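Here is the naming used below: chain letters follow the sequence lines, and residue numbers restart at 1 for every chain. Because the structure is a prediction, the values reported are computed rather than measured.
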Protein chains: 2
Amino acid sequence: MEKPRLSESQEDYLKEIFKLREMNETVSMQDLARKLDVRPPSVTGMIKKLCAMNLVEHEPYKGVQLTETGEKIALEVLRHHRLLELYLARHLNYSWDEIHEEAERLEHVISEKFEAAIADLMDHPTHDPHGDPIPTADLEIPDSPSLAPLPSLKGTRSIVIGRVMTQDRDILSLLFRLELTPGQEIELIKNEAAGIRVRINGSQYLVPHSIARLIWCENTET
Amino acid sequence: MEKPRLSESQEDYLKEIFKLREMNETVSMQDLARKLDVRPPSVTGMIKKLCAMNLVEHEPYKGVQLTETGEKIALEVLRHHRLLELYLARHLNYSWDEIHEEAERLEHVISEKFEAAIADLMDHPTHDPHGDPIPTADLEIPDSPSLAPLPSLKGTRSIVIGRVMTQDRDILSLLFRLELTPGQEIELIKNEAAGIRVRINGSQYLVPHSIARLIWCENTET
DNA sequence: ATTGAATTTTAGGCATGACTAATATAACAC
DNA sequence: GTGTTATATTAGTCATGCCTAAAATTCAAT
């Protein structure tokens, strides 16, 4: 199956379908419209085109799915995005909350050469600064530790943050200041009504549930 | 005067007008059409829009000129382009003939933050790998040594290459192999019918006139 | 089964930035 | 000056990718 040249819009649709599919069983037109910040009729129209290109399959009123070719393209865009995020953070001194926006624009524009160059420079990393897995050069998703959202974890114990499920700049910069970043070891203290009490590098915080559910941790059973 | 958000196309028009203006006294619609790889009616249309935005001035059948605001934007794009070229060469191991194409796409997409980051990293360079001056952060053109095209230089003497006036990949990679790059010192031997005979690092070459006129050298009078 | 709400699609429009074909203007040679 | 050639403009199309308003379909609740 051929890989046609796509517009940035089309790449964004495929990427978003992929990401939604990771979370939900089925991807609705409305989900897509919300994520892409576009009205539903625009989604219908674009999905029709992507169908005609054999990049997605669409059961009307049911849901959308990527074809194999569509998924490859989505993974390519995702690889660009995540490599770029890591690159911006590591080599251009971007802060955690700035990388997403810049990568969002660059991902559509860099060449294979650029992708390979930064991947080499960073020794072919497997995860970006948010803990999201970076698809490999041959577009496989690397193994990740099995993760669970912070609020689902019980008991008093030490755990390691694996992934932070938001791109919201305000939340990210808050999490960064609290040192709630991937790789960080935290101590689970108590599950309270208002949130989850944890200790990080000696300091205690109460993490509200709304934020705690964005933090996924390595699920080391006690 | 406001700086409106421009499309990539519009940025390209402004950039190209600026570059043509450096060479020729006047910039015609046809010149632009050729450089932008577009038909003349498209240029007429776009120039009208840029006029309405107060970015260019246009005397019909005479020529196009940038306004002050238009020139600032052109310089900004040019700064992006040339910083990117240097960055790709220095930090991502791009070869001389690969940098232009990639910079051409990235220049429209990088943020001020990105621009500042790579400028810092490279210690605020004044010239790109082709010897083209990089506009400063406040959009002034840095002083360059006064240059003259190789074929215009007489006598037998040593000169330094200052700038190479092409973006053609084949010519660039040829020049690179011959070490005819900015900063290189070459020894002028003889002006022959077929070209110009020079010595570079001990080896003699005959540089055809078609290529020699792309090579501009520091004009140190003898 | 039927109504009502939510979701999706159709129909029709708009801006952008290209294009072709045809026309108008300028510039130059004689 | 007239005619020829260059150049530039106008007029009208087209593809993209978005929009709103209205109609169709599905799903769930009674």
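Distance, L32(A) CG to dC18(D) C1': 15 Å, rounded to whole Å. Following rounding to the nearest Å, E59(A) (CD) and dT8(C) (P) show an atom-to-atom distance of 13 Å. For the pair L50(B) CG and dT16(C) C1', the computed distance is 13 Å after rounding to whole Å. Whole-Å rounding puts the I47(B) CD1 to dT16(C) C1' distance at 16 Å. Rounded to a whole Å, the CZ atom of R34(B) is 12 Å from the P atom of dA6(D). Rounded to whole angstrom, the span from the NE2 atom of H108(A) across to the C1' atom of dT16(D) amounts to 16 Å. Regarding K48(B), its NZ atom lies at a distance of 14 Å from the P atom of dT16(C), rounded to whole Å. In this structure, M46(B) atom CE and dT10(D) atom C1' are separated by 18 Å, rounded to whole Å.
The nucleotide whose nearest atom lies closest to any side-chain atom of M29(B) is, among dT9(C), dA8(D), dG17(D), dA8(D).
As judged by a 4.0 angstrom heavy-atom cut-off over every strand, T44(A) is placed among the base-contacting residues.
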Give each protein N/O atom lying under 3.5 Å from an N/O atom of nucleotides 19-22 of chain D, with the pair distance.
| unit_1 | atom_1 | unit_2 | atom_2 | d |
| --- | --- | --- | --- | --- |
| dC19(D) | OP2 | R39(A) | N | 2.8 |
| dC19(D) | OP2 | S42(A) | OG | 2.7 |

Polar pairs (N or O, both sides) under 3.5 Å between protein and nucleotides 25-28 of chain C?
| unit_1 | atom_1 | unit_2 | atom_2 | d |
| --- | --- | --- | --- | --- |
| dT25(C) | O4' | Y61(B) | OH | 3.4 |

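In this entry the base of dA6(D) is syn relative to its sugar, with a glycosidic angle within 90° of 0.
The environment of E68(A) atom CD is sparse: at most 12 non-hydrogen atoms of other residues, nucleotides or ligands sit within 6.0 angstrom. Residue-environment remark: CG (D138(B)) exceeds the threshold of 12 foreign heavy atoms within 6.0 Å. Summarising the local packing, NZ of K35(A) is surrounded by 12 or fewer heavy atoms from other residues, nucleotides or ligands at distances under 6.0 Å.
A salt bridge links E104(A) with K15(A); the closest basic N to acidic carboxylate O contact falls under 4.0 Å. Between E102(B) and K113(A) there is no salt bridge, since no side-chain N of the basic residue sits under 4.0 Å from a carboxylate O of the acidic one.
At dT16(C), none of the side-chain N or O atoms of S9(B) fall inside 4.0 Å of OP1 or OP2 (strictly under the cut-off). For dT9(C), the OP1/OP2 oxygens have a side-chain nitrogen or oxygen of H58(A) closer than 4.0 Å. Applying the 4.0 Å criterion to OP1 and OP2 of dT16(D), one finds that K49(A) has every side-chain N and O outside that range.
A heavy-atom distance below 4.0 Å to DNA chain C is reached by these residues of residues 10-22 of chain B, ordered by number: Q10(B), Y13(B).
Inspection of the H81(B) and D128(B) side chains reveals no N or O donor paired with an N or O acceptor under 3.5 Å.
Between F176(A) and W96(A), the two ring planes are tilted [angle within 30° to 60°].
Counting only heavy atoms from C-beta outward, the side chains of L172(A) and H130(A) approach each other to under 4.5 Å.
Among residues at least two apart or in separate chains, side-chain hydrogen bond (donor to acceptor under 3.5 Å, both in side chains) pairs with a member in residues 139-152 of chain B are H127(B)-S144(B).
With sequence neighbours left out, E218(A) forms a salt bridge (Lys or Arg N to Asp or Glu O under 4.0 Å) with no residue at all. Evaluation of the salt bridge (Lys or Arg N to Asp or Glu O under 4.0 Å) rule for R169(B) yields D97(B), E101(B) as partners, not counting sequence neighbours.
Across all strands shown, dA6(D) has no partner, as no Watson-Crick or G-U wobble contact with both distances under 3.5 Å is found. Across all strands shown, dT25(C) forms no Watson-Crick or G-U wobble pair with both distances under 3.5 Å.
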For L106(B) and F114(A): C-alpha separation, side-chain torsions, deciding distance, then whether side-chain contact (heavy atoms from CB on, under 4.5 Å) applies. CA-CA 11 Å; L106(B) 288 168; F114(A) 192 104; 4.0 Å; yes

